[in-house]
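Okay, structure first, notes after.
FYI, side chains are in, hydrogens and waters are out, and symmetry mates aren't considered; it's all heavy atoms of this structure.
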Amino acid sequence: EVYALTNLTSLFLNKIGIEEVPSSISNLSALKELALSGNKLGTFPFAATAALYRLEKLELYGNKLNIVPDIDRFFCLRLLYLSQNPLTTL
């Protein structure tokens, strides 16, 4: 299982029909890049991603997100891609 790879720094799960991010993603605390574009995400799991404090790049474009994810805890975040989502609140 990919979530057991605790030293993984990049994870690309684009265009595979994901509707939700599993809570086990919190095991990947070394992640610097997470790509979840082109899926069916309606929300982004804030609680499950709290351990991803090293995240520098987050790709969420082309999903079904209505609100911008709370990114305050991602101190290292440099790039956030949210285009092609039906955002109603910024």
Side-chain angles (χ1 to χ4, degrees):
E1 181 173 289
V2 71
Y3 301 108
L5 303 173
T6 56
N7 292 323
L8 193 69
T9 59
S10 297
L11 181 60
F12 301 92
L13 299 173
N14 299 324
K15 297 180 182 179
I16 58 172
I18 293 175
E19 294 182 17
E20 63 181 44
V21 179
S23 60
S24 53
I25 199 166
S26 65
N27 297 337
L28 304 177
S29 60
L31 270 186
K32 291 184 177 183
E33 185 173 8
L34 178 58
L36 297 167
S37 298
N39 285 297
K40 299 176 183 178
L41 297 175
T43 60
F44 187 72
F46 307 115
T49 58
L52 305 181
Y53 60 90
R54 293 183 177 132
L55 204 60
E56 295 177 3
K57 182 178 180 182
L58 179 57
E59 295 182 14
L60 294 170
Y61 60 86
N63 279 288
K64 297 180 178 182
L65 299 174
N66 293 337
I67 60 170
V68 176
D70 180 12
I71 57 171
D72 289 344
R73 74 188 78 178
F74 300 131
F75 299 111
C76 297
L77 194 66
R78 298 176 199 271
L79 298 169
L80 175 63
Y81 296 101
L82 290 171
S83 65
Q84 300 174 13
N85 279 289
L87 296 172
T88 56
T89 309
L90 293 178

Review point. Do side-chain atoms of Asn14 reach the backbone of Gly38 as a donor and acceptor pair under 3.5 angstrom?
Key: no
**Study point:** CD on Glu56 to SG on Cys76, rounded to 0.5 Å
**Key:** 6.0 Å
Review point. Is it true that a side-chain atom of Asn63 and a backbone atom of Asn39 form a donor plus acceptor pair closer than 3.5 Å?
Key: yes
Exercise for review: To the nearest 0.5 angstrom, please state how far the NZ atom of Lys57 sits from the CG atom of Leu31.
Suggested key: 13.0 Å
Point to revise | Shared hydrophobic cluster for Tyr81 and Leu87 (ILVMFWY, side-chain gaps under 4.5 Å) | key: no
Check your understanding: Which heavy atom of Lys40 sits nearest a heavy atom of Gly17, and at what distance?
Key -> CD-O, 4.2 Å
Point to revise | Tyr61 side, atom OH; Leu36 side, atom CG - distance, nearest 0.5 Å | key: 11.0 Å
Review point. What distance do Leu79 atom CG and Leu55 atom CG have between them, rounded to the nearest 0.5 Å?
Key: 10.0 Å
Below 3.5 Å, can you tabulate the donor-acceptor pairs from side chains in residues 18-28 to any protein atom, sequence neighbours excluded?
residue, atom, partner, partner atom, Å
Ser26, OG, Ser23, O, 3.1
Asn27, ND2, Ser24, O, 3.4

Review point. So how far is it from Thr9 OG1 to Arg54 CZ, rounded to the nearest 0.5 Å?
Key: 10.5 Å
Point to revise | Nearest-0.5 Å distance, NZ of residue Lys32 to CG of residue Leu11 | key: 15.0 Å
Check your understanding: So if you build clusters from Ile, Leu, Val, Met, Phe, Trp, Tyr with side-chain heavy-atom gaps below 4.5 Å, do Leu60 and Phe12 land together?
Key -> no
Review point. For the side chain of Thr88 and the backbone of Asn66, is there at least one donor-acceptor N/O pair under 3.5 Å apart?
Key: yes
Review point. Transitively linked via ILVMFWY side-chain contacts under 4.5 Å: Ile71 with Phe44?
Key: yes
Exercise for review: Please examine the side chains of Leu80 and Phe74, heavy atoms only from C-beta on, and report whether any two atoms are closer than 4.5 Å.
Suggested key: no
